[in-house]
Peer 1: 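There's a structure below that I have some questions on.
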There are 2 protein chains.
Amino acid sequence: MSKQDLIKIGEFATLAGTNLRTLRYYEELGLLKPTLRSDGGFRYYRRASAQRVAMIRDLQELGLPLERIREIVGIQPKDGDRTALLQRVRRALEEHQLLLAAHLDALKAQQGRLETALAKLKDCSCCDELPAADNNFCDPCGSTGECLPEGLRALF
Amino acid sequence: MSKQDLIKIGEFATLAGTNLRTLRYYEELGLLKPTLRSDGGFRYYRRASAQRVAMIRDLQELGLPLERIREIVGIQPKDGDRTALLQRVRRALEEHQLLLAAHLDALKAQQGRLETALAKLKDCSCCDELPAADNNFCDPCGSTGECLPEGLRALF
DNA sequence: CACAAATCTAACCCTAGCGTGAGAATACAC
DNA sequence: GTGTATTCTCACGCTAGGGTTAGATTTGTG
């Protein structure tokens with residue numbers, strides 16, 4: 001923890017595999033404060049803090065937004081707090097798991113609608129009938145008598 | 001198509017099931033222009049144009065961004081262009097299907113990482129060992145000897 | 001001391017799809 | 001003409017994660 005260990009933001013960014021703007025943005029969000037500020041305002045980081053950046057990145061890859069990450073790792077945990085940290089991480093991950101599941105469901109539903117729409121379009125492509133003047137929804141279809149899927153009502 | 005048919009934006013919004021801001025936004029994007037502008041600047045729409053809004057909404061529900069939708073329906077198709085329109089829609093939907101699939105894969109991968117991370121966390125919760133001073137990644141784990149999943153390297 | 005490289009703050013830009021005003025002007029009924 | 005409802009054009013706000021300037025300092029070296 002000697003002064004030797006302190007490096008400026010440029011070197012730290014390289015070390016942590018990121019860039020200046022991102023580090024300053026993290027600081028702005030309260031995610032990672034530089035260990036020291038010089039009188040002139042320069043940021044000085046500990047090399048070891050690169051691990052903190054790695055952790056932030058890891059949690060980002062798991063899909064957590066930076067705000068949530070701050071809630072988890074915003075306060076530098078002491079050694080004894082390891083259990084508490086694990087708790088926080090676990091709760092956040094579980095919560096995020098639910099969100100992710102919901103998001104997946106929504107996208108799968110969208111996928112289903114897309115397939116239906118494409119199937120219907122395939123039918124329509126070989127159809128010569130133009131919709132009647134009073135039924136430009138083609139609903140029900142003049143050929144098959146089927147109703148159109150929701151997502152394509154207005155195509156005709 | 002007489003002047004009787006032209007309505008102002010408020011009534012049109014109600015008819016189309018949307019609101020003023022959205023309609024003006026659609027116009028800004030080139031999705032739907034009012035049929036007429038009064039000398040004072042008021043927008044006048046045809047009732048029939050509500051179908052166009054419906055179509056935009058339908059394509060939105062299929063997940064297409066408004067920019068793509070504009071590319072599809074940006075130009076008012078004439079009757080004879082139905083085939084061409086169907087083609088454009090089909091191509092756009094197929095393209096979007098690919099994007100959606102990729103998106104789904106990414107989310108599923110995220111889900112997998114989440115599960116792995118949570119499983120590992122469960123192990124760690126019952127672990128009393130603190131990481132050695134020279135290995136604050138707990139990697140490999142002092143208890144099980146297993147390596148940590150990518151997403152949690154920096155937790156320790 | 002002088003100079004170059006690094007860093008500082010502040011600010012605006014981007015994607016999407018509007019929400020929500022402010023303040024001015026219009027349209028229409030009476 | 002006058003009142004009131006409607007609409008007009010800005011223009012900023014939101015989420016996330018920075019990118020990319022500009023102009024001013026600071027640091028460190030010779």
Side-chain angles (χ1 to χ4, degrees), chain A residues 3-4 6-45 53 55-74 92 96 99-100 102-103 106-107 110, chain B residues 3-4 6-45 53 56-73 96 99-100 103 106-107 110:
Chain A
K3 207 151 190 180
Q4 250 74 343
L6 293 176
I7 57 182
K8 283 184 289 188
I9 193 170
E11 190 182 346
F12 184 67
T14 305
L15 182 63
T18 181
N19 59 66
L20 310 193
R21 180 63 172 100
T22 299
L23 289 174
R24 295 197 268 243
Y25 183 56
Y26 284 179
E27 182 181 355
E28 193 181 328
L29 291 186
L31 270 169
L32 175 65
K33 286 186 216 301
T35 304
L36 178 71
R37 283 278 201 149
S38 75
D39 291 344
F42 276 33
R43 293 169 176 83
Y44 286 87
Y45 295 85
V53 176
M55 173 164 178
I56 293 169
R57 283 272 191 258
D58 290 342
L59 291 173
Q60 267 192 296
E61 274 173 33
L62 292 177
L64 278 77
L66 292 178
E67 283 290 331
R68 307 286 302 143
I69 297 178
R70 182 188 51 180
E71 291 171 24
I72 301 173
V73 299
H96 181 64
L99 281 180
L100 185 57
H103 196 171
L107 287 191
Q110 203 177 85
Chain B
K3 206 151 191 181
Q4 249 75 343
L6 293 176
I7 56 182
K8 282 184 290 189
I9 193 171
E11 190 182 345
F12 183 68
T14 304
L15 182 63
T18 180
N19 60 66
L20 311 194
R21 181 61 173 102
T22 299
L23 288 174
R24 294 196 270 242
Y25 183 56
Y26 285 179
E27 181 180 356
E28 192 182 330
L29 291 186
L31 269 169
L32 176 66
K33 287 188 215 300
T35 305
L36 178 71
R37 282 277 203 152
S38 74
D39 291 344
F42 276 34
R43 293 168 177 83
Y44 286 87
Y45 296 85
V53 176
I56 293 169
R57 281 278 191 249
D58 290 343
L59 291 173
Q60 266 192 295
E61 272 172 36
L62 292 176
L64 277 77
L66 293 177
E67 283 290 331
R68 307 285 304 140
I69 297 178
R70 181 188 51 181
E71 290 170 26
I72 303 173
V73 299
H96 183 65
L99 279 180
L100 185 56
H103 196 172
L107 286 191
Q110 205 177 82

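Per chain, numbering begins at 1; letters A, B, ... match sequence-line order. As the structure is a prediction and not an experimental result, all values here were calculated from the model.
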Peer 1: Run the numbers on B:Lys8 and B:Glu11 for side chain to side chain contact (heavy atoms under 4.5 Å, CB included), then give the verdict.
Peer 2: CA-CA 6 Å; B:Lys8 282 184 290 189; B:Glu11 190 182 345; 5.7 Å; no
Peer 1: Would you classify A:Gln60 as touching base, sugar-phosphate or nothing, given that sugar-phosphate means primed atoms plus P, OP1 and OP2, and contacts are heavy atoms under 4.0 Å?
Peer 2: sugar-phosphate
Peer 1: Is there, by distance only and without an angle test, a donor paired with an acceptor across the side chain of B:Arg21 and the base of C:dT20 below 3.5 Å?
Peer 2: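 Flag set: donor-acceptor pair detected.
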Peer 1: Salt bridge or not between B:Arg24 and B:Glu27? Use side-chain N to carboxylate O under 4.0 Å.
Peer 2: no
Peer 1: How close or far is atom P of D:dA11 from atom CZ of B:Arg24, stated in whole angstroms?
Peer 2: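 Interatomic distance, CZ of B:Arg24 to P of D:dA11: 15 Å.
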Peer 1: If you look at every heavy atom in A:Ile9 and A:Leu20, which pair is closest and at what distance?
Peer 2: O-CD2, 3.8 Å
Peer 1: Could you please name the option among C:dC18, D:dT9, C:dT26 that lies closest to any side-chain atom of B:Ser38?
Peer 2: C:dT26
Peer 1: Measure from CD on B:Glu28 to P on C:dA16 and round the result to the nearest Å.
Peer 2: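 Taking CD of B:Glu28 and P of C:dA16, I get 13 Å after rounding.
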Peer 1: Run the salt-bridge test on A:Glu67 and A:Arg70 with the 4.0 Å N-O cut-off and return the result as yes or no.
Peer 2: yes
Peer 1: Which part of the nucleic acid, if any, lies within reach of B:Arg37 when heavy atoms closer than 4.0 Å are counted: base, sugar-phosphate only, or nothing?
Peer 2: sugar-phosphate
Peer 1: Round to the nearest Å and state the distance from B:Ile9 atom CD1 to C:dC18 atom P.
Peer 2: 14 Å
Peer 1: Where each residue is assigned the nucleotide of DNA chain D containing its nearest heavy atom, which of A:Tyr26 and A:Asp39 is assigned the position nearer the 5′ end?
Peer 2: A:Tyr26
Peer 1: Measure CZ/B:Arg57 against P/C:dA16 and give the value in whole Å, please.
Peer 2: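 Distance, rounded to whole Å: 17 Å.
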Peer 1: What contact category does B:Leu29 fall into here, base, sugar-phosphate, or nothing, at under 4.0 angstrom with non-hydrogen atoms?
Peer 2: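 B:Leu29: no heavy atom of the nucleic acid under 4.0 Å.
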Peer 1: In terms of side-chain heavy atoms of A:Asn19, which of C:dC8, D:dC8, D:dG19 is nearest?
Peer 2: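 For A:Asn19, the side-chain atoms sit closest to D:dG19.
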Peer 1: Just how far, in rounded Å, is C1' of C:dA5 from CD of A:Glu11?
Peer 2: 14 Å
Peer 1: Does A:Gly41 or A:Tyr25 map to a spot on DNA chain D nearer the 5' end, using the closest nucleotide for each?
Peer 2: A:Tyr25
Peer 1: Nearest to the side chain of B:Arg43 - C:dC28, D:dT9, D:dG28?
Peer 2: D:dT9
Peer 1: Let me know the distance between CG of B:Leu6 and P of D:dT7, rounded to the nearest Å.
Peer 2: 14 Å
Peer 1: Go nucleotide by nucleotide along DNA chain C from the 5' end; which of B:Glu67 and B:Phe42 gets its closest nucleotide reached first?
Peer 2: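 The residue whose closest nucleotide sits nearer the 5' end is B:Glu67.
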Peer 1: Report the distance from atom CG of B:Leu59 to atom P of C:dA16, rounded to the nearest whole Å.
Peer 2: 16 Å
Peer 1: Restricting to non-hydrogen atoms, name the atom on A:Leu23 and the atom on A:Phe12 that form the minimum distance, rounded to 0.1 Å.
Peer 2: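 What the structure gives for the nearest pair is CD1-CD2, 3.6 Å.
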Peer 1: For B:Tyr44, which contact category applies under a 4.0 Å heavy-atom criterion: base, sugar-phosphate, or nothing?
Peer 2: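 Sugar-phosphate contact only.
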Peer 1: When the distance from NZ of A:Lys8 to P of C:dC8 is rounded to whole Å, what number comes out?
Peer 2: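 For the pair A:Lys8 NZ and C:dC8 P, the rounded distance is 9 Å.
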Peer 1: Using the side-chain heavy atoms of A:Thr22, tell me which of these nucleotides is nearest: D:dA16, C:dC18, D:dG18.
Peer 2: D:dG18
